[in-house]
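Below, chain A is the first sequence line, B the second, and so on; all start at residue 1.
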2 protein chains.
Amino acid sequence: MDALLLSVVEREPLHGYAIIEALRERSDGALDVPTGTVYPALRRLERAGYLAGEWAVAGGRKRRTYRLTDSGRAALAGERSAWKSFTTAIGSVLDPSR
Amino acid sequence: MDALLLSVVEREPLHGYAIIEALRERSDGALDVPTGTVYPALRRLERAGYLAGEWAVAGGRKRRTYRLTDSGRAALAGERSAWKSFTTAIGSVLDPSR
DNA sequence: CTCAATAAATAGGGAGTCTACATATAGACA
DNA sequence: TGTCTATATGTAGACTCCCTATTTATTGAG
């Protein structure tokens, strides 16, 4: 989750609702993350210093827009690397060729 | 975990300790799963009918050897497929090309 | 004027992983 | 003989995290 959230706000800051939609679109519908997962996770990442949240108002609706910090950018790089070695490890076990 | 455990006993039945070693070897040391994870998971998979456990004695040591059932083989196929689509989905979000 | 979409958030449940600990035997080595 | 390492299984409790369900509120369509 952390990697997904950090990755989706990498290019441009987004608010929670938009993040959920972006996740769904980028994954072609495969990733449909509930609000009960995303909102607490965003706060967690903000507490960790990886995201910086800021309130904004657009069309009468309040939004909390999250921006990737430098620290978050470093964390994302780590997450990507960890994800890669993780899938490699799992793959080497799951792959029926062995 | 379920997929890993089912996969490792696919070719031949193994007992818990050997499963942990096999996981470590197959993943080149990347997967070092603690006993507190493996033993409960094996019992869970046995309760689910995916593994069949049987006690044996080898060199004075008691071993519970687990064999993949037909149901477990089907579950493993499902896990492999799920893992594949899961990594594809995550990859499509994590991949910086988008 | 009601419903769908937009927007955020939390409480509580549940599942699973990990740390630590407990138990026990076999074999190596001093 | 005694100790240590490897082999072998297991549980209790903490911890984290994800999900379901619910609440609140606004905008715009029908």
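- Comparing D/dC18, D/dA6, C/dA9 against the side chain of A/R44 picks out D/dC18 as the nearest.
- The distance between atom NZ of B/K62 and atom C1' of D/dT7, rounded to the nearest whole Å, is 14 Å.
- When distances run from any side-chain atom of B/Y39 to the nucleotides D/dT20, D/dA8, C/dA7, the shortest one goes to D/dA8.
- The CG atom of B/L31 sits 12 Å away from the P atom of C/dT17 (whole-angstrom rounding).
- In the set C/dC18, C/dT6, D/dA21, D/dA21 carries the atom at the smallest distance from any side-chain atom of A/T35.
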Legend entry - Criterion side-chain contact (heavy atoms from CB on, under 4.5 Å) on A/R64 and A/L42, from CA distance to verdict: CA-CA 10 Å; A/R64 189 158 181 83; A/L42 288 173; over 6 Å; no

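- Per the geometry, NE2 belonging to B/H15 stands 14 Å off C1' belonging to D/dG10, to the nearest Å.
- Note on B/R61: a base of the nucleic acid sits closer than 4.0 angstrom, heavy atoms only.
- The CG-P distance, from A/L23 to D/dC18, rounds to 12 Å in whole Å.
- Protein atom CG of A/L14 is 15 Å distant from nucleotide atom C1' of C/dT6, rounded to whole Å.
- Between B/D95 and A/R26 there is no salt bridge, since none of the side-chain N atoms of the basic residue sits less than 4.0 Å from a carboxylate O of the acidic one.
- Atom OH of B/Y66 is separated from atom CD1 of B/I19 by 7.5 Å, given to the nearest 0.5 angstrom.
- Of all nucleotides listed (D/dG10, C/dA8, C/dC18), D/dG10 comes nearest to the side chain of B/W55.
- Residues A/D32 and B/R63 each lie close to DNA chain D; by heavy-atom proximity, the contact nearer the 5' end of the strand is made by B/R63.
- For a distance-only test at 3.5 Å, the side chain of B/R64 fails to qualify as a donor-acceptor partner of the base of D/dT9.
- For B/T37, whose side chain is taken as the heavy atoms from C-beta onward, the closest listed nucleotide among C/dT19, C/dT17, D/dA8 is C/dT17.
- If you check every strand for non-hydrogen atoms under 4.0 Å, A/G36 touches a base.
- As a whole-Å value, the separation of B/L45 CG from C/dA15 P is 15 Å.
- Within the 3.5 Å criterion, the main-chain N or O of B/W83 finds a donor-acceptor partner in the side chain of B/T87.
- The nearest whole Å value for the distance from the CG atom in B/L5 to the P atom in D/dT9 is 13 Å.
- The structure places CG of B/L5 at 11.0 Å from CG of B/L68, a figure rounded to the nearest 0.5 Å.
- To the nearest angstrom, C1' of C/dT23 lies 15 Å from OH of B/Y17.
- For B/R43, counting side-chain heavy atoms from C-beta on, the closest listed nucleotide (C/dA5, D/dT11, D/dA6) is D/dT11.
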